[in-house]
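Contents: one structure, followed by commentary.
Every number for a ligand or one of its atoms is a count from 1 in the order of the listing.
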Amino acid sequence: MVTEEGIRQRGFIEQAKSYISDLEKELGRKPTCCVTTFGCQMNARDSEKICGILSDVGYEIIESEDADFVIFNTCTVRDNANLRVYGRLGELKSKKKKNPQMKIALCGCMMQEPSVIEKLKKSYRFIDLIFGTHNIFKFSELLCSMFENEGNMIIDVWKDTNEIVEDLPVVRKYPYKSGVNIMFGCNNFCTYCIVPYVRGRERSRTPEDIIEEIERLASEGVVEVMLLGQNVNSYGKNLENPISFAELLRRVEKIDGIKRIRFMTSHPKDLSDELIEVMKESKKICRHLHLPLQSGSTAILKAMNRNYTKEKYLDLALKIRKEIPDISITTDIIVGFPGETDFDIDETIDVIKKVKFDNAFTFIYSIRTGTPAAKMEQVPEEIVKKNFDRVLKTVQDTARSQVGKDTGKTVTVLVEEVNEHDSSLMTGRMSNNTLVHFPGDIDLIGQFAEVKLEQCNGFYYFGSQMN
Ligand code: SAH
Ligand code: SF4
Ligand code: F3S
């Protein structure tokens, strides 16, 4: 949908083009820029939007931070995400010392925290531009301000917004697959989580806008879409014409050219039977469900404000396994939430063993200032460490036997890239999200291939191509 704001921002893109072309003349080459993304798929998608503008205004996008303009799109979900950003900023400072013309911008979730902005204002004066999660669509306007106010730190962070502006240029990282935002923000306020504070209230895009975007992606050669939201199961409930997530999936299924549909993340509290039905009948929805557990203990789940019990989670996961036997179920688990006892850990381990997760991201609880759990009594570090190791070991054991059960089968994979460690191998992704490495040609990238799964190495396979 064309928006008034979109048209306004295109005006700033034109203006920014003249600044970049002046810079190009001065440098005698195209100015370069690098966008480094921290955090989740939402941030990755936001970075594609930022790259879209940068490339439109005339920057050459490169992977190295030895660039004329470096942007960090930050995450603040756990403290170590923040620490990494501060560490990397130190490195940028010395780069900028050598190249004073260099520009540095920060954006993303961390910027939504007032304490972070205070710290940056005080100790990181070399940063040129800071903006938040709600005004990314204003990036071209901010870019112009940056060039018009050389030497000043520009800060523009909004508390919240109702605006959805999606009609701006985007540069996709992969030609054959793309994330698609279906909703923004989160209303769930899990007591440990900072996301609702930094991403604002839940807002769904209309199904018409989403379908239009996916049709356009399909016409550009995209075969796989990942529908993105913090809790896709509550998609559409607050739209003027409410629609369920399952119904949205039915409509996406009908789009020609799209061969695979994925989505993230599904909150267990409102995963409907309708969704299971749609997944079961679908030819395109991938056989993978990411269903964050967080804890297997009903008491801890209550303290986390997750709105389900251990039994409800188990019933749901086992029902899904029964209805869709070839599905893989992955999860997120937090160890060390305030008040967690040995009994609570036993409960989590019990759920892992019963559901047999295909993969689980296990996190040590991290205190986020301003969230309710930050004020609760914390578990001592050495106990958390010990519990973390127990949980991790269980996850690794179940995942190994679960993932390995397809050994010997021939499956369809979407070939994604050259293997990171061995360039004679290609890496493809099965419908159930498991990766397969196999000898193959680089021309296969973006294509579907039939691959025999020969050897399982824990979370992935080695195989050979059959077609
Ligand atoms: N919306 C998704 C999760 C988004 S955050 C959902 O509700 O499932 C991704 C993961 O980070 C969460 O699932 C959780 O496991 C983890 N996480 C969030 N806050 C955390 C914290 N304070 N400490 C440790 N892990 C956290
Ligand atoms: Fe955070 Fe909970 Fe919202 Fe997920 S559902 S983003 S864990 S508050
Ligand atoms: Fe991090 Fe923000 Fe995503 S806090 S996990 S980048 S929504």
Side-chain angles (χ1 to χ4, degrees), residues 35-47 50 72-85 106-113 116 132-134 136 179 181-203 227-235 263-271 289-296 300-301 303-308 313 316 329-338 340 348 357 359-376 378-379 384 387-388 391-392 395:
V35 180
T36 303
T37 311
F38 301 82
C40 67
Q41 312 259 7
M42 313 264 172
N43 257 20
R45 183 65 180 154
D46 284 347
S47 290
I50 291 167
F72 281 177
N73 188 6
T74 62
C75 168
T76 186
V77 76
R78 285 169 291 276
D79 200 40
N80 53 11
N82 287 40
L83 295 176
R84 272 186 29 230
V85 169
L106 292 183
C107 63
C109 296
M110 224 175 123
M111 301 306 120
Q112 293 296 136
E113 289 181 278
V116 169
T133 55
H134 301 301
I136 281 203
N181 294 113
I182 63 166
M183 59 203 297
F184 302 93
C186 179
N187 285 352
N188 290 307
F189 289 96
C190 302
T191 55
Y192 51 83
C193 184
I194 202 161
V195 171
Y197 304 87
V198 296
R199 285 275 172 178
R201 293 298 65 73
E202 199 173 284
R203 284 150 285 144
L227 309 182
L228 297 171
Q230 291 298 351
N231 174 15
V232 292
N233 295 327
S234 67
Y235 168 78
F263 53 85
M264 261 187 117
T265 298
S266 231
H267 195 306
K269 80 179 158 75
D270 34 28
L271 194 150
L289 186 67
H290 187 65
L291 194 65
L293 167 68
Q294 313 300 3
S295 167
I300 295 292
L301 287 168
M304 286 176 161
N305 190 31
R306 287 292 288 180
N307 276 302
Y308 52 87
Y313 186 95
L316 179 64
I329 302 182
T330 57
T331 202
D332 292 344
I333 295 169
I334 298 176
V335 177
F337 183 85
E340 191 174 57
T348 299
F357 292 110
N359 202 349
F361 298 97
T362 313
F363 305 110
I364 287 185
Y365 167 72
S366 169
I367 298 181
R368 305 322 287 135
T369 314
T371 61
K375 296 195 200 76
M376 300 177 189
Q378 307 295 317
V379 182
V384 177
N387 288 341
F388 181 82
V391 170
L392 192 66
V395 164

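Residue-level proximity to ligand 1 for Val77 is carried by backbone and side chain together, each with a heavy atom below 4.0 angstrom. At a 4.0 Å heavy-atom cut-off, ligand 1 touches Pro292 through the side chain alone. At a heavy-atom distance under 4.0 Å, no atom of Pro292 approaches ligand 2. Only side-chain heavy atoms of Phe363 come within less than 4.0 Å of ligand 1; its backbone N, CA, C and O stay farther off. Heavy atoms of Tyr192 found under 4.0 angstrom from ligand 2 belong exclusively to the side chain. Proximity of His290 to ligand 1, defined as any heavy-atom pair under 4.0 Å, is not found for any part of the residue. Under 4.0 angstrom from ligand 2, the non-hydrogen atoms of Cys186 all belong to its side chain. The residue Asn231 has no part lying near ligand 1, judged by heavy-atom distances below 4.0 Å.
The distance between the ring centers of Tyr197 and Phe189 falls below 6.0 angstrom.
Ranking the protein heavy atoms by distance from atom 8 (S) of ligand 2 puts Cys190 N, 3.3 Å first. When only non-hydrogen protein atoms are considered, atom 5 (S) of ligand 2 lies nearest to Asn188 ND2, 3.4 Å. In terms of protein heavy atoms, atom 2 (Fe) of ligand 3 is closest to Cys109 SG, 2.2 Å. Regarding atom 4 (C) of ligand 1, its nearest protein heavy-atom neighbour is Gln230 OE1, 3.3 Å. Of the protein's heavy atoms, Ser366 O, 2.9 Å lies nearest to atom 22 (N) of ligand 1. Counting only heavy atoms of the protein, atom 19 (N) of ligand 1 lies nearest to Tyr192 CD1, 3.3 Å. The protein non-hydrogen atom at the shortest distance from atom 1 (Fe) of ligand 3 is Cys75 SG, 2.4 Å. In terms of protein heavy-atom proximity, atom 3 (Fe) of ligand 3 is closest to Cys40 SG, 2.3 Å. Among all protein heavy atoms, the one lying closest to atom 7 (O) of ligand 1 is Arg306 NH1, 3.3 Å.
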Any chance you could lay out the side-chain hydrogen bond (donor to acceptor under 3.5 Å, both in side chains) test for Ser295 and Glu340, step after step, and finish with the verdict? CA-CA 10 Å; Ser295 167; Glu340 191 174 57; 4.7 Å; no

If you apply the rule side chain to side chain contact (heavy atoms under 4.5 Å, CB included), what do you find for Tyr192 with Thr371, and how did you get there? CA-CA 6 Å; Tyr192 51 83; Thr371 61; 5.7 Å; no

Check step by step if side chain to side chain contact (heavy atoms under 4.5 Å, CB included) holds for Cys190 and Gln294. CA-CA 10 Å; Cys190 302; Gln294 313 300 3; over 6 Å; no

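Of all atoms in ligand 1, listed by their number and element, those nearer than 4.0 Å to a heavy atom of Arg368 are 22 (N). Taking every heavy atom of Gln230 and a limit of under 4.0 angstrom, the matching atoms of ligand 3 come to 7 (S). Each of the atoms 8 (O), 12 (C), 13 (O), 14 (C), 15 (O) of ligand 1 lies under 4.0 Å from some heavy atom of Gln294. Counting atoms of ligand 1 from 1 in the listed order, those under 4.0 Å from a heavy atom of Tyr365 are 23 (N), 24 (C).
Ligand 2 has at least one atom lying under 4.0 Å from a heavy atom of Arg306. Residue contacts with ligand 3 do not include Met42, since none of its heavy atoms lies under 4.0 Å from the ligand. Judged by the shortest distance from any of its heavy atoms, Ile364 lies inside the 4.0 Å radius around the atoms of ligand 1. Judged by the shortest distance from any of its heavy atoms, Thr265 lies inside the 4.0 Å radius around the atoms of ligand 1.
Among Arg199, Gln230, Glu202, Met42, the residue whose heavy atom lies nearest to atom 6 (S) of ligand 2 is Gln230. The nearest non-hydrogen atom to atom 26 (C) of ligand 1, considering only Gln41, Arg78, Met42, comes from Arg78. Remark: among candidates Ile333, Ile367, Asp332, the nearest residue to atom 13 (O) of ligand 1 is Asp332, based on non-hydrogen atoms.
With salt bridges taken as basic N to acidic carboxylate O contacts below 4.0 Å, one links Arg199 and Asp46.
Asn305 and Thr191 share no donor-acceptor pair across their side chains, judged by distance under 3.5 Å alone. Judged purely by distance below 3.5 Å, without hydrogens or angles, the side chains of Thr76 and Asn82 pair a donor atom with an acceptor atom. The closest side-chain donor-acceptor pair between Asp332 and His290 falls under 3.5 angstrom.
Residue Cys193: an N/O/S atom is found under 2.8 Å from atom 1 (Fe) of ligand 2.
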